[in-house]
Asker: 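Got a structure for you, written out below as structure tokens; questions coming shortly.
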2 protein chains.
Amino acid sequence: MSGRRLEVVDDDALSCTPLSREALSEHEAVDVARVFAALSDPVRLRLLSLVASGDEVCSCDLEGPLGKSQPTVSHHTRVLVEAGLIQGERRGRWVWWRAVPERLAQAAAILAP
Amino acid sequence: MSGRRLEVVDDDALSCTPLSREALSEHEAVDVARVFAALSDPVRLRLLSLVASGDEVCSCDLEGPLGKSQPTVSHHTRVLVEAGLIQGERRGRWVWWRAVPERLAQAAAILAP
DNA sequence: CCGATACATCGATGCCTGTCAATAGGAGTT
DNA sequence: AACTCCTATTGACAGGCATCGATGTATCGG
């Protein structure tokens with residue numbers, strides 16, 4: 001099965017109203033918190049910056065710079081995918097990761113108008 | 001002692017280079033992760049939105065909307081203060097909270113150029 | 001088909017965090 | 001001083017999370 005996409009399935013609405021605009025509903029807060037939780041780990045931030053600063057990055061090029069085991073890297077990529085922050089595409093044996101700039105912009109828009 | 005400030009003391013540098021620019025160092029990642037960790041809880045996000053959308057908010061006006069006990073609210077305000085996202089000022093018996101827009105903008109700038 | 005490679009999943013472990021009851025601290029009021 | 005109100009801290013508990021070794025799954029080359 002080549003070229004299959006690995007991307008987030010669930011709703012990617014992410015109410016884009018800035019925090020300073022009006023109070024978040026309980027439901028919105030849970031959604032937004034999920035994204036920031038994905039960004040709340042140093043290893044994931046560095047992983048994301050590696051992916052976002054390059055065009056496409058293979059998982060095998062992540063273990064080294066991150067200094068983490070393969071299962072740990074796989075865990076973190078999964079969290080970032082579920083948050084909609086990165087997408088992965090399997091080509092042959094490798095999975096190539098790339099960032100989702102729109103999602104990063106959404107999260108940023110919530111913090112600052 | 002009236003009018004005393006309650007604000008974060010530690011370094012508020014928060015390397016403002018966007019994730020898509022260059023890879024974060026290990027140290028930078030830890031700093032940035034701390035801020036996002038403060039934003040990774042639904043209760044704290046709603047607390048922050050309540051504070052940021054109003055001009056100043058008293059703690060006594062937070063317990064109700066948040067539906068949490070007083071110690072829990074106090075815990076969350078503390079986390080937000082340590083992340084530099086809000087500041088508190090004691091006036092008489094009440095503490096008045098307000099957001100720190102610059103800090104929110106810093107965090108947003110890391111996510112999107 | 002068989003071995004090697006790349007990634008995902010599982011199970012276990014240790015640490016961190018959200019929550020609240022109880023208690024302490026601090027500031028105004030009488 | 002004594003009392004009351006608001007907030008911070010402590011202690012304890014439950015749940016969540018990061019990490020890694022072991023194992024499973026899929027793909028390519030010989």
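Below, chain A is the first sequence line, B the second, and so on; all start at residue 1.
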Asker: Which angle, to the nearest 10 degrees, lies between the helix axes at the two ends of the helix from C/dC1-D/dG30 to C/dT30-D/dA1, each defined by five pairs?
Answerer: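 Taking five pairs per end, the axes differ by 20°.
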Asker: Indicate whether OP1 or OP2 belonging to D/dC6 is found under 4.0 Å from a side-chain N or O atom of B/Ser59.
Answerer: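 Negative; the distance criterion is not met.
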Asker: Ignoring backbone atoms, test whether B/Ser69 places a side-chain nitrogen or oxygen under 4.0 Å from the OP1 or OP2 oxygen of C/dC20.
Answerer: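 Affirmative; the distance criterion is met.
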Asker: Students often get this wrong, so: under 4.0 angstrom with heavy atoms, is B/Val43 touching a base, only sugar-phosphate, or nothing?
Answerer: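 Answer is sugar-phosphate: B/Val43 comes under 4.0 Å of backbone atoms only.
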Asker: Below 3.5 Å, can you tabulate the donor-acceptor pairs from side chains in residues 60-69 of chain A to any protein atom, sequence neighbours excluded?
Answerer:
residue, atom, partner, partner atom, Å
A/Ser69, OG, A/Thr72, N, 3.4
A/Ser69, OG, A/Thr72, OG1, 3.0

Asker: When you get a sec, tell me which of D/dG21, D/dT19, C/dC7 is the closest nucleotide to the side chain of A/Pro71?
Answerer: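 Of all the options, the side chain of A/Pro71 is nearest to D/dG21.
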Asker: Looking only at side-chain N and O atoms, does A/Arg90 come under 4.0 Å of OP1 or OP2 in C/dA6?
Answerer: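 Answer is no, no contact under 4.0 Å.
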Asker: Quick one: is A/Lys68 getting a side-chain N or O under 4.0 Å of the D/dA18 phosphate, OP1 or OP2?
Answerer: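 False: A/Lys68 side-chain N/O out of range (4.0 Å or more) of D/dA18 OP1/OP2.
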Asker: For B/Glu56, is the CD atom crowded, meaning more than 12 foreign heavy atoms sit under 6.0 Å from it?
Answerer: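 It does: B/Glu56 CD has more than 12 such atoms within range.
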Asker: Considering only side-chain heavy atoms of A/Ser74, which listed nucleotide, C/dC7, C/dT5, C/dA8, is closest?
Answerer: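 The answer is C/dA8.
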Asker: Given side chains that start at C-beta, do those of A/Val51 and A/Leu80 come closer than 4.5 Å, heavy atoms only?
Answerer: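 A side-chain contact is absent here, since even the closest heavy-atom pair is not under 4.5 Å.
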Asker: Determine: side-chain N/O of A/His75 to OP1/OP2 of C/dC10, distance under 4.0 Å, yes or no.
Answerer: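 No, outside the criterion.
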Asker: Any idea which of D/dT7, C/dA27, C/dA8 is nearest the B/Gln70 side chain?
Answerer: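 For B/Gln70, the side-chain atoms sit closest to D/dT7.
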Asker: Looking at every heavy atom in both B/Pro113 and B/Ser20, which two are closest together, and how far apart are they?
Answerer: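 Distance-wise, the nearest heavy atoms are CG-OG, 3.9 Å.
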Asker: Can a side chain N or O of A/Arg44 be found less than 4.0 Å away from OP1 or OP2 on D/dA18?
Answerer: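 Checking A/Arg44 against D/dA18: at least one side-chain N or O falls below 4.0 Å of OP1 or OP2.
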Asker: From the list D/dT19, C/dC7, C/dT19, which nucleotide is the closest neighbour of the side chain of A/Asp41?
Answerer: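 Minimum distance to the A/Asp41 side chain belongs to D/dT19.
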